[in-house]
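Here's the structure we're looking at; comments come further down.
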Amino acid sequence: MKKIIIWILFIALFLILSIGIFDMPTSPTLDAPSYNETIHYYLENGVNETGAINIVTAVITDYRGFDTLGETIVLFAAIVAVSSVLRIPSKKNEEEAQKHE
Amino acid sequence: MIEQLPIINLLLLLGTALIIPLFKKRPFQLSLTLCFLVLLTVLVSSVFLLIHVLEYGEFYYHFGNHENLIGIEFLIDAFSAFFTVFVAALVLVIYLYSWKDKTEGIENKEFGRYYILLFILLFSIFGILYSNDLFNTYVFIEILSITSCAIISIKRKKETYTAAFRYVMLNEIASMSYLLGVALIYMITGHLNLERVATSLQSIWPLYSTNIIIAIGFMTIGVGIKAAIFPFHIWLPDAHATAPSTSSAILSGIVVKIYILVLVKLLFRVFGMEIVEALHIKWIMLILGSAGMIMGSIFAIAQKDVKRMLGYSSVAQIGYIILGIGLFTEAGLQAAFFHIISHGIMKAALFLSVGVIIYYKHVQKLKDFEGIGYQMPISMTVFSFGALGMVGIPLTSGFISKFNLGIAVIDANLIFFLIIIILSGLLNVVYYFPIVISAFLKDNKEMQKIPHIEKVPNIMLIPILTLGVAIVVLGLFPNLIMDIIVSVVATLF
Amino acid sequence: MDIINAILIIILVICAIAVERTKDLVSAIIIFSAYSLFMSVVWLLLKSPDVALTEAAIGAGVTSILFFAVISKTERFEK
Amino acid sequence: MNDTILKSITRIIVPFIQVYGVFIILHGHLSPGGGFSGGALIGTSLILFTLVFGVKKAKVKFSERVAEISGSAGIIIYVLVGIVGLVLAGSFLTNIEAGFPAGVAGTLMSAGMIPIIMIGIGIKVASTMITLFHTLVEEEVR
Amino acid sequence: MIILQKILENINYLGGIALFLIGLHTVVTHSNLIKRIIGLNIMGTGVFLFFVAIGNVTGGEPPIMTEDNIGAIFINPLPSVLILTGIVVVVSMTVYSLSLVIRIFETYGTIDQKELTRLISEQNNHD
């Protein structure tokens with residue numbers, strides 16, 4: 001019973017969202033709202049301003065470089081988090097460390 | 001030079017996080033002092049920024065000298081500058097407490113990692129507050145969620161793992177729905193900058209209203225899960241109860257509030273009043289807020305564990321904040337912001353003083369708190385101040401925020417919610433007073449025989465006392481920060 | 001082109017449902033890895049080679065290896 | 001695993017994967033790819049090495065200390081490049097304006113700070129992938 | 001017929017939403033923790049598919065400006081940029097939750113949410 005209710009809920013959600021999608025400016029053409037002056041700027045001036053012919057790279061590292069810095073920090077945080085969960089200083093190592101001190 | 005201060009703040013925090021691992025072989029004290037100095041510098045520079053902003057007005061910071069059409073932008077105005085000062089000050093106090101706090105399951109060797117995580121967490125909070133870009137906010141939110149989970153699971157106890165796991169799952173669902181919302185917004189506006197999105201949303205709102213409604217739904221639910229707004233609060237009590245006390249103080253005092261501030265930014269800066277009114281977001285928030293106030297308090301009464309009780313109390317207090325924001329008036333927002341500050345201070349005081357008690361007595365159940373006031377007078381006094389503030393007794397900062405909220409509700413002609421505020425205050429009395437009473441007033445002769453065992457190092461006591469004093473000072477002179485809050489709120493309208 | 005795209009999307013959805021239905025976690029992850037590869041093909045069709053390359057390396061490669069590493073330490077079958 | 005064929009093939013194939021990864025990182029501004037995919041490829045090659053030869057031997061080649069330092073180095077390179085922009089052009093992460101040589105578009109030595117940042121990201125991603133794998137695998141039951 | 005054509009036009013968006021929901025369903029209903037993490041990954045790729053589909057332009061080319069394609073139509077590079085960031089973020093969250101799963105299995109001997117809840121409530125009653 002519970003399963004059926006959840007399924008109905010999800011299908012209803014899907015239908016609602018699809019109705020929303022049919023309202024959207026979805027056609028993948030040049031007059032989509034997302035293809036606006038920002039993109040034209042990137043495509044026209046990207047090569048001259050950054051010197052990179054791959055515009056995706058130009059945007060990643062130059063125009064939106066701060067995002068990428070944040071994303072490397074996510075990786076850094078992930079390493080620290082995972083090792084804080086998994087890496088247990090085993091007793092042997094601890095004793096050895098104390099000996100050194 | 002002053003234009004560079006925000007990024008210098010961020011880089012200082014990040015640099016400290018990167019440097020700490022190098023200190024492994026060096027004396028531990030050195031790195032602790034370094035961290036302290038960095039935090040102090042950050043606090044001073046944020047205060048400086050706040051003064052500058054209040055005097056000369058807001059300014060923008062453009063990364064790589066690209067304008068906001070193509071690049072990422074920081075907006076430093078009274079809103080972000082004020083809350084960064086609050087966050088930096090509170091973290092500094094909590095940091096001082098954790099200096100000697102080799103307690104509660106954080107092993108000695110873990111402290112390096114704990115501070116790395118703390119600094120990255122602070123970095124991301126500053127980023128969220130400054131950022132004026134939807135996707136940049138998403139990146140910072142992800143950093144914040146991974147670090148805030150990690151400072152829970154750093155305590156190697158059984159329960160922490162399951163609590164942290166649940167927190168991670170909900171966090172990730174929330175992030176994904178936020179990102180889907182950003183995608184929908186980007187699809188129709190083609191911008192990611194908050195101001196540009198806001199202007200273009202105003203013009204296309206009649207065209208793509210279904211789309212915008214769905215986007216708003218996804219984004220607010222995503223942020224709402226992270227902010228533990230009432231029906232989405234299920235992760236909060238577990239996470240707060242099992243985390244180490246310092247982490248609980250940070251999570252409850254700061255992290256949850258940051259997500260609420262993100263919600264405020266979205267509602268006021270991006271969607272704008274027209275859309276908010278058309279969608280009746282006001283009523284949704286008012287109802288959810290008041291439901292949280294009542295239900296959180298009722299759940300809290302049933303708890304036996306003191307930290308779990310504090311967690312449910314947080315749910316109730318978040319309800320107050322949401323209620324204040326949901327009024328969508330200046331008075332309501334002022335009350336909500338004041339409550340963000342005062343609740344942050346009070347919850348930090350409560351969690352830290354409970355931390356001291358747990359450290360020395362190894363008890364966490366409410367029934368073990370009998371007569372503890374004789375044994376540990378200082379921390380229990382601070383606890384009582386926090387508890388009185390939560391209830392809203394005059395002379396504490398909690399009273400001021402509830403008073404302001406009440407006035408805001410009356411101004412908005414919604415008397416019904418005044419009743420709920422009073423009812424919730426009474427429920428607060430039900431679960432906070434018994435602890436205080438049993439701790440101090442239990443006439444137990446055995447208890448008086450036991451000499452007080454409070455041998456807490458000064459470095460731990462000073463932060464607790466600072467927080468206790470801050471509660472009273474804010475209760476007596478609320479205008480110290482109320483004047484700033486008025487100008488902060490003015491930036492949002 | 002549209003037809004290929006549509007077929008690929010349908011395959012993706014089928015893969016996702018199959019992942020959800022499979023009780024054996026190892027086969028679920030193998031299906032998931034195939035799903036990632038299909039996804040990167042879709043992204044190639046959508047003219048984003050950068051994303052496709054990253055997904056193929058990270059989604060199909062690293063993620064599934066990490067999953068296998070964890071499953072070898074825990075249980076293989078879902079109850 | 002003690003299979004000679006597997007071991008010798010791995011020995012041959014790992015350098016090729018790594019060279020390909022380095023190629024992808026360095027050509028990030030010329031062709032699809034970049035720090036993420038190239039770094040992930042290098043990380044995958046190290047994971048392959050670990051799978052075949054065991055954690056102990058892999059740790060000799062790529063020890064914890066190296067992983068830690070290279071992980072931090074990735075971000076530090078990035079931040080330093082940003083600070084150069086901060087000092088010279090008055091804004092964090094400024095490229096050509098800060099005086100990075102633009103070069104001729106379309107050649108390897110061009111695009112100012114972009115290749116440097118890509119190398120930083122590549123180091124970071126590769127070391128992260130391998131560190132995470134090692135931590136997940138080697139951890140022992142208490 | 002019109003509906004079919006509409007569906008075909010929007011197939012990427014629909015697929016993205018469907019994958020998002022399937023992933024969400026996996027996370028919400030399954031009790032196996034690893035299955036839940038896989039569900040998160042599916043959710044993530046669903047959102048990313050949606051995002052990348054926004055950037056597509058019919059007849060466009062990848063935005064790499066070589067001499068061969070001067071004057072060609074290029075697709076929107078911004079969604080690709082955002083997704084590149086997103087993929088790595090999801091991987092790091094996945095790894096962190098996997099490490100938690102290992103610890104949970106060590107302490108409780110199971111990775112099934114229902115059994116975990118039972119064990120924890122037993123423990124609480126025991127105290």
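Throughout, a chain's letter reflects where its sequence line sits, starting with A, and its residues are numbered from 1.
- Closest approach of E/G15 and C/I9 over heavy atoms only: CA-CG2, 3.7 Å.
- For E/L98, the parts sitting under 4.5 Å from any heavy atom of chain C are the backbone and the side chain alike.
- Of the listed residues (E/D112, E/V91, E/I104, E/I38), the greatest number of heavy-atom pairs within a distance under 4.5 Å of chain C belongs to E/I38.
- The minimum heavy-atom distance between C/V13 and E/A18, with the atom names listed, is CG2-CB, 4.4 Å.
- For C/V42, the part sitting under 4.5 Å from any heavy atom of chain E is the side chain, from C-beta outward, and nothing else.
- Proximity to chain E involves both the backbone and the side chain of C/L66, based on heavy atoms less than 4.5 angstrom apart.
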field: Derivation and outcome, side-chain contact (heavy atoms from CB on, under 4.5 Å), residues C/S48 and E/V52
entry: CA-CA 8 Å; C/S48 320; E/V52 171; 3.4 Å; yes

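- At a 4.5 Å heavy-atom cutoff, the contact between E/F48 and chain C is made by backbone and side-chain atoms alike.
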message: Please evaluate residues C/K23 and E/N32 with respect to the criterion side-chain contact (heavy atoms from CB on, under 4.5 Å), reporting the C-alpha separation (whole Å), side-chain torsions for both, the decisive distance (0.1 Å), and the verdict.
response: CA-CA 10 Å; C/K23 293 279 179 198; E/N32 187 295; over 6 Å; no

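- Contact annotation for E/S99: neither backbone nor side-chain heavy atoms come within less than 4.5 Å of a heavy atom of chain C.
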message: The test is side-chain contact (heavy atoms from CB on, under 4.5 Å); show your working for C/F67 and E/N41 and say whether it passes.
response: CA-CA 11 Å; C/F67 271 117; E/N41 275 283; 3.8 Å; yes

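- Looking at C/T74, both its backbone and its side chain come within 4.5 Å of chain E, counting heavy atoms on both sides.
- Interatomic distance, C/M39 CE to E/I42 CD1, rounded to the nearest 0.5 Å: 9.0 Å.
- Between chain C and the options E/L19, E/V90, E/L8, E/I75, heavy-atom pairs under 4.5 Å are most frequent for E/L19.
- Looking at every heavy atom in both residues, E/G109 comes nearest to C/E75 through O-OE2, 4.0 Å.
- If you take CG on C/L46 and CG on E/L49, they are separated by 7.0 Å, rounding to the nearest 0.5 Å.
- Ranked by non-hydrogen atom pairs under 4.5 Å with chain C, the options E/G60, E/P79, E/P63 are led by E/G60.
- The distance from the CG atom of E/N56 to the CG atom of C/N5 is 8.0 Å, given to the nearest 0.5 Å.
- The choice from E/L14, E/T26, E/N12, E/I37 that makes the most heavy-atom pairs within less than 4.5 Å of chain C is E/N12.
- Of the two parts of E/T45, the backbone and the side chain both hold a non-hydrogen atom closer than 4.5 Å to a non-hydrogen atom of chain C.
- Only the side chain of C/L25 comes within less than 4.5 Å of a heavy atom in chain E; its backbone stays farther off.
- No side-chain heavy atom of E/V57 sits under 4.5 Å from any side-chain heavy atom of C/K47.
- If you measure heavy-atom distances from C/Y35 to chain E, the contacts under 4.5 Å come from the side chain alone.
- The main-chain N or O of C/T22 is found under 3.5 Å from a side-chain atom of E/K35 such that the two form a donor-acceptor pair.
- Side-chain contact between E/I22 and C/V19 is absent, with no heavy-atom pair separated by less than 4.5 Å.
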